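Following: one structure in structure tokens, then a few remarks.
As the structure is a prediction and not an experimental result, all values here were calculated from the model. In the text below, chain A, chain B and the rest are named by the order of the sequence lines, each starting its count at 1.
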2 protein chains.
Amino acid sequence: MAFYSSGVEYGIHSLMNMVDAKGNEREMNVREMAELQNVPYDYLAKIFTRLSRAGLVVSSEGKGGGFRLARASELITVLDVVHAIDGQKSMFECKEIRQRLALFEEAPPAWVCDGPCGVRSVMDSAQQRMEEELARHTILDLARKMHRKAPDTFAIEVKEWISNRRTQQTKSV
Amino acid sequence: MAFYSSGVEYGIHSLMNMVDAKGNEREMNVREMAELQNVPYDYLAKIFTRLSRAGLVVSSEGKGGGFRLARASELITVLDVVHAIDGQKSMFECKEIRQRLALFEEAPPAWVCDGPCGVRSVMDSAQQRMEEELARHTILDLARKMHRKAPDTFAIEVKEWISNRRTQQTKSV
DNA sequence: GCGATGTTACTCGGATACTAACTGTCCGAGTAAGCCAGG
DNA sequence: CCTGGCTTACTCGGACAGTTAGTATCCGAGTAACATCGC
């Protein structure tokens with residue numbers, strides 16, 4: 001199984017969609033984002049409550065409410081999002097095999113437990129490298145990279161899709 | 001859940017036990033290793049067949065058989081072991097959300113699929129950093145680090161435990 | 001007009017299936033070493 | 001002797017159950033904007 005859940009993927013893409021081609025942010029609600037990206041609504045809603053609890057987005061309740069970024073998109077790193085959604089989970093869960101050696105018979109000597117397990121140290125430093133890399137990229141970076149690939153009309157189309165959806169909704173009432 | 005299975009942990013520790021304080025290798029069978037480390041035997045057996053298939057260890061079948069390292073312990077990296085046991089799994093499984101944008105209506109334009117997804121790129125480079133770190137540490141490194149912490153008697157005790165176990169086994173027959 | 005009331009569209013949070021992967025166990029097959037009996 | 005069969009202790013591989021985490025869905029509660037209705 002993948003280490004990072006697909007919830008992370010949904011979350012990052014959603015946050016990217018909250019930034020336009022110029023780096024300006026826009027407030028959106030979960031249903032819009034779910035429909036725009038063809039992603040399960042209920043699931044995405046839960047993801048956004050996590051993003052909210054982590055302080056990456058700010059919610060406004062009630063009709064017409066939604067989410068907006070809590071701070072500038074260049075200050076939200078991929079690592080922030082990952083931590084917000086999946087929590088600070090560890091790539092490797094040390095089971096302290098070193099203490100189980102049959103030699104010791106239920107009483108491992110002190111030197112065994114002195115300092116972290118060697119295997120664990122390696123894994124931890126590897127995870128640290130990984131997270132450093134994730135911290136180097138921000139939501140703005142990703143949004144910019146996407147818009148650079150897209151034609152100029154794209155940003156407009158997205159904006160129109162959103163506004164169309166909103167007017168249609170009020171019309172249908 | 002952790003990204004790397006506990007099988008990886010069992011595998012690494014087992015390989016470490018196949019190297020003594022001086023860096024010399026010793027052949028061992030699965031039952032010995034399982035008992036020495038208090039780890040489930042059947043499970044560990046499966047792990048060693050994977051290590052064998054990956055060419056990290058060489059098996060000798062039949063009575064008195066067992067496993068020995070296929071190459072010097074300083075040439076076996078933690079990354080090798082991880083790949084052998086867990087396979088080349090990906091930290092992040094891109095679901096190509098970018099193609100699902102409602103704008104496109106079942107036909108994403110060419111520019112969308114051009115090159116890898118931005119999110120995926122970040123994740124892939126992060127994983128690469130992680131694996132680079134894992135590749136920097138070898139079984140010998142780990143074994144040395146452990147023996148450096150342990151008193152000199154430790155290596156002898158391990159060796160005695162193994163030989164005692166072997167003689168007891170032949171006696172009990 | 002204007003305030004009270006109701007409706008709508010949101011954010012929250014809990015409860016609950018479904019699925020996939022990991023972990024661990026069981027068992028049978030194949031293989032080689034050593035023992036042992038029969039020639 | 002020594003040769004063939006038997007036992008033993010291994011490696012292999014498949015099958016399977018239990019547990020856990022991720023994914024997804026459903027529903028009720030709270031909240032705020034807005035419309036509507038009665039005064």
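The line from CD1 of A/Ile85 to CG of A/Leu56 is 8.0 Å long, rounded to the nearest 0.5 Å. With values rounded to the nearest 0.5 angstrom, B/Glu133 atom CD is found 12.0 Å from A/Gln127 atom CD.
At a threshold of 4.0 Å, the pair A/Glu35-A/Arg165 counts as salt-bridged, since one of the basic side-chain nitrogens sits closer than that to a carboxylate oxygen.
Checking D/dT11, C/dA33, D/dC27 against the side-chain heavy atoms of B/Lys63 singles out C/dA33 as nearest. Considering only the side chain of B/Met1, C/dC22 comes nearest among C/dT11, D/dT25, C/dC22. Closest contact between the side chain of A/Tyr10 and the listed nucleotides D/dA24, D/dC26, C/dT23 involves D/dA24. Closest approach to the A/Glu61 side chain among D/dA24, C/dT23, D/dT31 is made by D/dT31 (side chain taken as heavy atoms from C-beta onward). In the set D/dC12, C/dT23, D/dT23, C/dT23 carries the atom at the smallest distance from any side-chain atom of B/Ser5. Of the listed nucleotides (C/dT25, C/dC22, D/dT11), C/dC22 has the atom at the smallest distance from the side chain of B/Lys89.
Remark: the A/Lys46 side chain and the D/dG22 base include no donor-acceptor N/O pair separated by less than 3.5 Å.
As judged by a 4.0 angstrom heavy-atom cut-off over every strand, A/Phe48 is placed among residues making no nucleic acid contact. A/Arg53 comes within 4.0 angstrom of sugar-phosphate atoms only, judged by non-hydrogen atoms across all strands, and of no base. A/Asp42 comes within 4.0 angstrom of a nucleotide base, judged by non-hydrogen atoms across all strands.
Projected onto DNA chain C by closest heavy-atom contact, B/Gly7 and A/Ser59 fall at different nucleotides, the more 5' of which corresponds to A/Ser59.
Aromatic pair B/Phe92/A/Tyr4: ring centres not closer than 6.0 Å.
With rounding to whole Å, B/Arg50 atom CZ is found 13 Å from C/dG24 atom C1'.
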